Colleague: 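Can you read through this structure? Questions will come right after.
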Amino acid sequence: MKSQERAYSTKEVSHTLEIGDSTLRKWYLALEKNGYTFIKNDRAQRLFIESDLVKLRHFQTLVQQHNMQLENAAIVVVDRFGKGAFEEVTGHVPAEKPNENRSFPHSDDHISKLLKHIEQQETFNQELSFQARNISIASHSSYTKFQKVFFIEFPVHATKI
């Protein structure tokens, strides 16, 4: 961290990333679980610097656009960018290599297949729901007819004991 670098509060970062405070909390805890270190003030509150924002934006892309689990996204970010403000770094963000082999299970191809499967599942669920409604309507109709026939042909009479 540079001595005159601006530090942002949790509220400012959640506003900048357009996420809730609790979402940001889950994200930074996942990163810390994987070895990332954020700057903390004398009250143990986390402070975020520009390099943290870059990493959190990358984390946000992995989670929100690629539907990656928090744990996996944290592993990728820490592996790619390092462990935080106290780590000796060169000050630049590594560029993505064009032919980089991804070793994590959420490659673009895998994500595309999962998204297609989700769409198919949603269509199936809609059809199933439609069939269930039809069965319910038919059931109710049959029951109503049964009641009319049963009570007309076999009326219930009160008897004295």
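Values below: every heavy atom of this structure, side chains too, minus hydrogens, waters and symmetry copies. Just so we're clear, the structure is a prediction, and the values are computed from it rather than from any experiment.
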Colleague: Testing the basics here: between A30 and A74, what is the closest heavy-atom pair and its distance to 0.1 Å?
Modeller: O-CB, 3.4 Å
Colleague: Run the side-chain contact (heavy atoms from CB on, under 4.5 Å) check on R6 and E12 step by step: do they pass?
Modeller: CA-CA 12 Å; R6 168 125 163 58; E12 291 172 310; 2.7 Å; yes
Colleague: Going from CG on L31 to CG on L56, what distance comes out if it is rounded to the nearest 0.5 angstrom?
Modeller: 6.0 Å
Colleague: What distance do H58 atom NE2 and L62 atom CG have between them, rounded to the nearest 0.5 Å?
Modeller: 4.5 Å
Colleague: Less than 4.5 Å apart, side chain to side chain, heavy atoms only: is that true for L47 and K40?
Modeller: no
Colleague: Decide, yes or no, whether a salt bridge links K55 with E50 under the criterion of side-chain N to carboxylate O below 4.0 Å.
Modeller: no
Colleague: Quick one: does any side-chain atom of S129 pair with a main-chain N or O of N125 as donor and acceptor, under 3.5 Å?
Modeller: no
Colleague: N67 versus L115: any side-chain heavy-atom pair under 4.5 Å?
Modeller: yes
Colleague: Where the side chain of D52 meets the backbone of I49, is there a donor-acceptor pair that is under 3.5 Å apart?
Modeller: yes
Colleague: Quick one: OG on S139 to CG on N134, what's the gap to the nearest 0.5 Å?
Modeller: 11.5 Å
Colleague: Supply the atom-to-atom distance Y36 OH to L29 CG, rounded to the nearest 0.5 angstrom.
Modeller: 14.0 Å
Colleague: To the nearest 0.5 Å, what is the distance between CD1 (I75) and CG (L70)?
Modeller: 11.0 Å
Colleague: Would you compute the distance between atom CD of Q64 and atom CZ of F59 and round it to the nearest 0.5 angstrom?
Modeller: 10.0 Å
Colleague: Going through the distances and angles, do L53 and Y8 end up as a side-chain contact (heavy atoms from CB on, under 4.5 Å)?
Modeller: CA-CA 9 Å; L53 292 177; Y8 300 93; 3.8 Å; yes
Colleague: Is any NZ, NE, NH1 or NH2 atom of the basic residue among E32 and R46 found under 4.0 Å from an Asp or Glu carboxylate oxygen of the other?
Modeller: yes
Colleague: So with a 6.0 Å cut-off around CD of E18, is the heavy-atom count from everything else above 12?
Modeller: no
Colleague: For side-chain contact (heavy atoms from CB on, under 4.5 Å), just list the numbers for K83 and N34, CA-CA rounded to whole Å, side-chain angles, deciding distance to a tenth of an Å, and then say yes or no.
Modeller: CA-CA 8 Å; K83 297 191 181 260; N34 285 281; over 6 Å; no
Colleague: Would you call the rings of F38 and Y28 parallel, tilted or perpendicular, taking 30° and 60° as the class edges?
Modeller: perpendicular
Colleague: Would you say the side chain of R57 lies within less than 4.5 Å of the side chain of L17, judging by non-hydrogen atoms?
Modeller: yes
